[in-house]
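Accompanying notes for the structure given below.
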Amino acid sequence: MTRATTVRAVLAAAVLLVSVFITLTMSPRLGLDLQGGTRMVLQAKDSDTAKADRESTDRTLEVLRQRIDSLGVSEPTLTRSGEDRIIVELPDVQDPRQAADVIGKTAQLSFHAVQGPGTEEKTEEGDAAPQDGPTLPDEQGGLLDLGPVQLSGAGVKDATASFDAQQGTGWSVALDFHKDAGKKWTDLTGEAACNPAQDERRRVAIVLDGKVISSPQVDPSVGCKVGLPSGSTQITGSFSADEARDLALLIKGGALPVPVEIVEQRTVGPTLGAAAIDASARAALIGAAATALFITFMYRLFGALAALALAAYGLISYAALVVLGVTLTLPGLAGFVLAIGMAVDANVLVFERAREESAEHPNRSLISALTAGFRNAWSAVADSNVTTLIAAGLLFFLGSGPVKGFGVTLAIGVIASMFSALVIARALTEIAARSRFVSDYRGINGIARPGRIRTWLNARDPQLFRSPRRWLLVSTALVAVAVLGIFVRGVNLGVEFTGGRLVEYSTSRPVDVDTARTTIAAAGFDDAEVTTAGDGDLSVRTGKLDNDGEHALRSALAEEGGETTKVRDELIGPSLGDELRRNALIALGVAVFVQLAYLAVRFRWTFAVASVGALVHDVVVLVGAFAWLGRTVDGIFLAALLTVIGYSVNDSVVVFDRVRELWAKRPRTPVADVANRAVLQTVPRTVNTGMGALFILVALAVLGGDSLADFALALLIGICVGTYSSVMTAVPGALLLERSSKAPPPARKRAPGRRAGSPRAQRDPHDNGARV
């Protein structure tokens with residue numbers, strides 16, 4: 001065993017041992033869509049006294065953190081997003097009404113002196129116009145004006161809810177003031193005490209968020225200018241226990257520097273998260289097992305060794321997710337499963353190149369053919385993985401919420417797959433290739449024979465590109481059908497892009513859609529769209545629905561369906577929906593531009609333009625297919641779409657990499673012949689890699705449940721269309737562009753150790769004198 005193989009084996013063993021240790025000692029961080037809970041995105045808004053900026057948003061975040069800690073939520077997460085948004089994640093919180101009421105209020109507490117009777121402005125119709133500031137009703141039904149703020153909530157040191165059974169006052173909130181604020185409280189009550197007993201001006205108004213919540217009379221025993229000597233008071237009123245506790249939490253947490261608005265709210269039931277984990281685990285096991293059996297069948301012993309490397313890839317990528325603290329979301333879990341199928345690609349590329357070496361040089365040793373396979377496949381492996389990393393980066397930087405998690409998971413999967421293929425699989429196969437038994441029995445090792453697909457293609461030698469325009473006409477027809485579906489059927493945008501609310505319910509008794517629609521309409525929700533959501537669940541979509549309205553809607557359904565449980569709840573504000581829709585278009589545009597720029601640098605501009613044309617073809621066809629099927633286009637679909645872009649370019653890179661290699665060896669050969677030969681040589685890789693991904697996706701579509709069905713369907717369609725377009729759209733497009741281009745063929749590679757001017761270096765044994 002060589003030193004290089006020894007180093008790879010030791011490195012692989014070390015990484016695997018560390019991964020096993022991490023897996024056994026650390027637990028993954030699950031997102032709310034897997035463990036259940038509520039996620040809110042709060043938008044800080046400008047107020048009359050403050051502007052929403054990074055500093056005020058940070059102060060708002062700290063106030064919210066105190067409030068949520070007081071709620072007793074286990075392991076809440078609060079993070080700032082951008083300049084003026086705050087993301088709040090509350091595990092195990094299924095009814096967000098209480099949390100939204102507490103964290104969403106500004107809690108601007110103030111204390112006012114009560115002045116004389118208020119003046120009512122009259123409108124043109126003679127009605128009383130509403131007053132701008134807080135007012136207090138008197139005993140005769142009139143209004144009393146309040147004086148300016150003399151003490152703010154910032155002076156409150158503590159607030160506690162208490163119940164006084166002896167005096168019969170019920171629930172109240174006791175306030176303790178800071179030292180300076182306590183003096184202001186004494187002055188305020190001393191001024192009020194100068195008025196006669198029972199006079200309205202002897203009252204002190206306590207105002208919360210512009211509403212008078214209590215206005216106690218100063219006790220007659222308190223003298224004028226003396227005031228209450230203690231630095232505390234009580235807010236009394238007809239409070240219930242919950243109302244008193246919530247009020248105490250608001251006051252104790254402090255006032256928000258700026259008002260906040262809930263622009264996004266998602267609630268996932270714990271049963272849905274657990275079901276998604278179980279379904280994804282089953283899909284991963286069955287899909288990975290099918291992929292391992294397939295690659296073992298295709299490449300015999302070396303395929304079995306690659307399957308072991310695939311298992312190691314799963315272990316390494318999982319350990320990386322855990323140790324980096326990546327939040328594993330439902331799309332991220334799907335990305336982890338998908339990357340298992342894509343991890344096969346590098347091994348397939350290497351084995352197919354090794355088969356070619358064995359076929360061209362029958363007397364070459366097995367280890368020599370394998371080494372040449374790794375060397376020749378390197379550029380295609382690197383380029384194809386870079387394009388996938390670009391797609392993952394775009395998902396992270398331009399996506400939102402769970403889509404970001406998918407991007408991180410996909411990127412980690414790509415890096416881990418390269419390590420498993422180029423280090424672990426290479427160490428295993430090189431050790432096996434040096435065995436005399438494996439080397440002598442050509443039918444066992446799996447790469448010493450050309451393979452069935454390659455043998456069949458070599459026997460028939462089909463000429464695929466005699467008329468490139470025919471293939472482009474087929475692609476144009478597919479695009480036309482897709483565009484027709486977009487205009488005729490329309491794109492069914494999810495609430496993530498349109499704004500609104502989508503809630504899924506599970507009922508103890510079956511309720512058909514018509515009955516549910518009638519019941520919901522009778523409850524006052526005429527514009528609600530009701531559909532089935534699988535397993536008898538009901539999906540309700542409305543334009544605008546607050547938390548109280550959702551509670552009323554659920555109560556109406558419970559009258560027909562018995563116990564009604566909320567399975568999923570998504571609320572997207574209209575401004576956020578517009579922003580997400582805009583960001584989705586930006587993400588697609590940036591994806592196309594970045595892929596074009598990268599391919600233009602790595603290949604000829606004709607190859608780059610043709611690849612991007614095939615990419616656009618795939619995007620339009622996939623969107624059109626979802627339009628015809630009436631499937632929802634949402635953030636998860638966007639993640640699938642960008643993944644398809646990476647996969648499509650991946651396929652095109654492999655084909656054009658081979659075109660570049662063959663054309664450099666035979667620059668005088670017609671480019672159509674070179675392209676035909678390149679496609680025929682890469683077809684086995686394309687078929688085998690596609691089959692590996694399809695096993696995983698079919699398992700996700702069948703076993704992954706409703707949450708992953710659309711995601712898996714989008715990838716299934718995208719991979720099939722992308723595999724076709726990378727050969728039958730990108731290559732014909734490049735051939736037509738080459739005909740109109742005056743760019744010279746790529747320079748020939750010089751043989752090592754030969755001078756450029758020597759006759760032997762200039763001679764090409766494959767050159768038949770033909771011209772492009």
Evaluate side chain to side chain donor-acceptor pair (under 3.5 Å) for Thr632 paired with Arg541, printing each intermediate quantity in order.
CA-CA 12 Å; Thr632 303; Arg541 177 174 174 175; 5.7 Å; no

Given Leu464 and Met728, is the side chain to side chain contact (heavy atoms under 4.5 Å, CB included) satisfied, shown in steps?
CA-CA 9 Å; Leu464 301 175; Met728 299 309 179; 4.3 Å; yes

Mind running side chain to side chain contact (heavy atoms under 4.5 Å, CB included) on Leu629 and Arg489 for me, showing each step along the way?
CA-CA 9 Å; Leu629 295 173; Arg489 298 270 295 178; over 6 Å; no

Step by step, work out the side chain to side chain contact (heavy atoms under 4.5 Å, CB included) result for Ser539 and Thr531.
CA-CA 5 Å; Ser539 175; Thr531 57; 3.6 Å; yes

Let's go through Val731 and Val679 carefully: what are the C-alpha distance in whole Å and the side-chain angles of both, what is the deciding distance for side chain to side chain contact (heavy atoms under 4.5 Å, CB included) to 0.1 Å, and is it a yes or a no?
CA-CA 9 Å; Val731 175; Val679 168; 4.1 Å; yes

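A salt bridge links Glu661 with Lys665: the closest approach of a Lys/Arg side-chain nitrogen to an acidic carboxylate oxygen falls below 4.0 angstrom.
What you find for Ala672 and Phe465 is that their closest heavy atoms are CB-O, 4.4 Å. Residue Ala416 comes nearest to Ile316 through the heavy atom pair CB-CG2, 4.3 Å, listed as atom of the first residue, atom of the second, then distance. Of all heavy-atom pairs between Ile717 and Ala625, the closest is CD1-CB, 4.1 Å. Contact between Val674 and Trp663 at its shortest, heavy atoms only, is CG1-N, 3.7 Å. Considering all non-hydrogen atoms of both residues, Ile719 and Ala693 come closest at CD1-CB, 4.0 Å. The nearest pair of heavy atoms linking Ala369 to Ser358 is CB-OG, 3.5 Å.
A distance-only check finds a donor-acceptor pair linking the side chain of Asn676 to the backbone of Pro462 [under 3.5 Å]. Arg660 places a side-chain N or O within donor-acceptor distance of the main-chain N or O of Arg602, the cut-off being under 3.5 Å. Trp471 contributes no side-chain N or O that, together with a main-chain N or O of Val727, makes up a donor-acceptor pair within less than 3.5 Å. No side-chain donor-acceptor contact under 3.5 Å links Ser648 to the backbone of Val644. Although no hydrogens or angles enter the test, the distance criterion places a donor-acceptor pair under 3.5 Å between the side chain of Ser317 and the main chain of Gly314. Side chain of Thr429 to main chain of Arg426: a donor-acceptor pair is present (N/O by atom type, distance under 3.5 Å, no hydrogens or angles). Side chain of Ser368 to main chain of Arg364: no donor-acceptor pair is present (N/O by atom type, distance under 3.5 Å, no hydrogens or angles). One N or O on the side chain of Asn688 and one on the backbone of Pro684 form a donor-acceptor pair closer than 3.5 Å.
In this structure, CG on Leu615 lies 9.0 Å from CG on Leu599, to the nearest 0.5 angstrom. Distance OH/Tyr598 to CG/Leu389: 9.5 Å, rounded to 0.5 Å. In this structure, OG1 on Thr669 lies 9.0 Å from CG on Leu662, to the nearest 0.5 angstrom. Taken to the nearest 0.5 Å, the CG atom of Asn347 stands 6.5 Å off from the OG atom of Ser420. Annotation: the span from Asp578 atom CG to Ile572 atom CD1 amounts to 11.5 Å, rounded to 0.5 Å. Annotation: the span from Leu502 atom CG to Glu570 atom CD amounts to 5.5 Å, rounded to 0.5 Å.
Applying the salt bridge (charged side-chain N to carboxylate O under 4.0 Å, His left out) definition to pairs two or more places apart or across chains, none involves residues 608-630. Screening residues 674-699 for salt bridge (charged side-chain N to carboxylate O under 4.0 Å, His left out) gives Asp345-Arg685, Asp651-Arg685 as the qualifying pairs, with residues at least two apart or on separate chains. Note on residues 297-309: no pairs pass salt bridge (charged side-chain N to carboxylate O under 4.0 Å, His left out), not counting sequence neighbours.
At least one side-chain heavy atom of Val348 sits under 4.5 Å from a side-chain heavy atom of Tyr299. Inter-residue side-chain proximity for Val414 and Val386 is flagged as unmet; no heavy-atom pair is nearer than 4.5 Å. Proximity of Val620 to Val616: side-chain heavy atoms (C-beta onward) are separated by under 4.5 Å at one or more points. Residues Asp657 and Phe603 meet the side-chain proximity criterion, which asks for heavy atoms closer than 4.5 Å. Side-chain contact between Val474 and Tyr724 is present, with heavy atoms from C-beta onward closer than 4.5 Å. Between Leu735 and Pro468 there is a side-chain heavy-atom pair separated by less than 4.5 Å. Counting heavy atoms from C-beta on, the side chains of Leu321 and Ile412 come closer than 4.5 Å. Phe637 places none of its side-chain heavy atoms less than 4.5 Å from the side chain of Asp710.
Using modelled atom types, one finds no donor on one side chain facing an acceptor on the other under 3.5 Å when comparing Ser726 with Ser652. In this structure, a donor-acceptor pair under 3.5 Å is absent between the side chains of Glu356 and Asn376.
Remark: Gln681 pairs with Arg658 by the side chain to side chain donor-acceptor pair (under 3.5 Å) rule, at least two apart or across chains. Annotation: side-chain contact (heavy atoms from CB on, under 4.5 Å) contacts of Arg470 (sequence neighbours excluded): Ser467. Not counting sequence neighbours, Asp673 has no partner by the side chain to side chain donor-acceptor pair (under 3.5 Å) test.
In this structure, Arg353 forms no cation-pi arrangement with Phe374, as its terminal cationic atom is not both closer than 6.0 Å to the ring centre and no more than 45° off the ring axis.
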